[in-house]
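Below is one structure; the comments refer to it alone.
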Protein chains: 2
Amino acid sequence: MTRKDQALLHAKAQVLKALGHPTRLFMIQELSKGERCVCGFAEQVGADFSTVSKHLTVLKHAGLVDDEKRGQQVFYRLRVPCVMQFMNCIEAVLKSKAAASADLLR
Amino acid sequence: MTRKDQALLHAKAQVLKALGHPTRLFMIQELSKGERCVCGFAEQVGADFSTVSKHLTVLKHAGLVDDEKRGQQVFYRLRVPCVMQFMNCIEAVLKSKAAASADLLR
DNA sequence: TGCATACTTGGTCAAATTACCAAATAACTG
DNA sequence: CAGTTATTTGGTAATTTGACCAAGTATGCA
């Protein structure tokens, strides 16, 4: 594996890692319905404003969302909507896992 | 959000988190080509045997892979091949991010 | 200008992650 | 059975993560 391959692998993993947190995944799901300001999330997510802001920063650095300041508010939006297509597959993984656990009970 | 929704969100995030490590992502990519024993990975990945084993355990717990012992070797295989479809989208995210960085230079 | 609102940033701390080594287990081999 | 190979498990140390609080910045409004 070349150094370039390694870098690409690392970059891809970073994106997935950014998605790998309940709060951030929730944010992505919400953003798939449309843009949202930080304050909008602060209400829904039961966390500190600063925590919400930091999670959004992680998503931004991963390249998953864009932000735009309008007035006093900062609006975030999903940059690449295709990430939502992951969800079906993830659910398939969970189902397959559940099925395997059920197998153990037989 | 109900407690059940929360649990589902958490479970999904766990799957993504499992994918969010360069070594594990590499393993998944390799497994998409066919099953592989732990020793096969130990060679390719420049890490300790125990480290490799632990990464595979993480993937297994996430429901992403299955293992089967045959003789002295343990073979792992991808349980849900659809995860490979993520890659195109992830690459799109990276490209979009690169494009945004390029914008800054204008 | 001065104060409130909306965020972000920096600091701190506990918990989780990851890597390695050493030791334990399991299955073949002579 | 003794020794070797393949893999997992347990322990430990370094690093990263995630949550909160407090302080800083920026915008809008009286």
Side-chain angles (χ1 to χ4, degrees), chain A residues 1 6-7 9-28 30-31 34-77 104, chain B residues 1 6-7 9-28 30-31 34-77 104:
Chain A
M1 197 163 47
Q6 293 239 356
L9 201 55
H10 193 274
K12 286 181 184 174
Q14 275 299 115
V15 175
L16 289 162
K17 194 170 164 184
L19 293 168
H21 186 287
T23 300
R24 291 194 295 263
L25 191 55
F26 173 73
M27 289 168 157
I28 290 289
E30 291 299 303
L31 289 177
E35 66 172 19
R36 184 85 52 108
C37 69
V38 184
C39 51
F41 283 125
E43 276 180 31
Q44 273 183 90
V45 178
D48 196 86
F49 220 92
S50 68
T51 303
V52 170
S53 176
K54 277 172 184 169
H55 278 309
L56 286 165
T57 300
V58 171
L59 292 175
K60 186 173 151 188
H61 283 148
L64 287 160
V65 304
D66 253 342
D67 62 341
E68 184 190 351
K69 183 156 196 169
R70 292 207 296 274
Q72 330 181 47
Q73 297 181 328
V74 177
F75 289 87
Y76 281 83
R77 61 172 161 272
L104 296 173
Chain B
M1 197 163 46
Q6 293 239 355
L9 200 56
H10 194 274
K12 286 181 183 173
Q14 274 300 115
V15 175
L16 289 161
K17 194 170 165 185
L19 293 169
H21 186 286
T23 301
R24 291 194 295 263
L25 191 55
F26 173 74
M27 288 168 157
I28 290 289
E30 291 299 304
L31 289 177
E35 66 172 19
R36 183 86 51 110
C37 70
V38 184
C39 51
F41 284 125
E43 277 181 30
Q44 274 183 88
V45 178
D48 196 86
F49 221 93
S50 68
T51 302
V52 169
S53 176
K54 277 173 184 169
H55 278 308
L56 286 165
T57 301
V58 171
L59 292 174
K60 186 174 150 187
H61 283 147
L64 287 161
V65 304
D66 252 342
D67 63 341
E68 183 189 351
K69 183 155 198 170
R70 291 208 296 275
Q72 330 181 45
Q73 297 180 329
V74 177
F75 289 87
Y76 281 82
R77 62 173 160 271
L104 295 175

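Per chain, numbering begins at 1; letters A, B, ... match sequence-line order. Any value given below was found using the heavy atoms of this structure, including those in side chains, with hydrogens, waters and symmetry copies removed.
The shortest non-hydrogen separation linking A/Leu25 to B/Leu9 is CD2-O, 4.0 Å. Minimum interatomic distance between B/Arg70 and B/Glu68 (heavy atoms only, all atoms of both residues): NH1-OE1, 3.4 Å. Among all heavy-atom pairs drawn from B/Val52 and B/Ala47, the shortest one is CG2-O, 4.3 Å. Scanning all heavy atoms of the two residues, the minimum distance from A/Asp67 to A/Lys60 falls at OD2-NZ, 2.9 Å.
In this entry the distance linking CG of B/Asp48 with P of D/dG11 reads 17 Å, nearest Å. In this structure, B/Arg70 places its CZ atom 12 Å from P of C/dC28, rounding to the nearest Å. B/Gln14 has its CD atom 14 Å from the C1' atom of D/dT17, to the nearest Å. In this structure, the CZ atom of B/Arg36 is 16 Å from the C1' atom of D/dA6, given to the nearest Å. A/Phe41 places its CZ atom 16 Å from the C1' atom of C/dT8, with the value rounded to the nearest Å. Between the CG atom of B/Asp67 and the C1' atom of C/dT25 there is a distance of 15 Å, rounded to whole Å. The NZ-P distance, from B/Lys54 to C/dT17, rounds to 13 Å in whole Å. Atom-to-atom, OH of A/Tyr76 to P of C/dC7 comes out at 9 Å; the value is rounded to the nearest Å.
Considering only the side chain of A/Gln72, C/dA6 comes nearest among D/dA6, C/dC7, C/dA6. Taking every side-chain heavy atom of B/Ala47 into account, C/dC20 is the closest of C/dT18, C/dC7, C/dC20.
Between the side chain of A/Ser50 and the base of C/dC7 there is no donor-acceptor pair of N/O atoms closer than 3.5 Å. Taking 3.5 Å as the limit, the base of D/dG28 and the side chain of A/Lys69 contain no donor-acceptor pair of atoms between them. Counting distance only, with no hydrogens placed and no angle test, the side-chain atoms of A/Lys17 and the base atoms of D/dG18 include no donor-acceptor pair under 3.5 Å.
Ring orientation note: the planes of B/His55 and B/His21 are tilted relative to one another, at an angle of 30° to 60°.
At the phosphate of C/dA19, OP1 or OP2 sits under 4.0 Å from a side-chain N or O atom of B/His55. Of the side-chain N and O atoms in B/Ser53, one or more sit less than 4.0 angstrom from OP1 or OP2 of D/dT8. An OP1 or OP2 oxygen of D/dA19 is reached within less than 4.0 angstrom by a side-chain nitrogen or oxygen of A/His21.
Contact annotation for B/Arg24: backbone-only contact, meaning every heavy-atom pair under 4.0 Å involves sugar-phosphate atoms and none involves a base.
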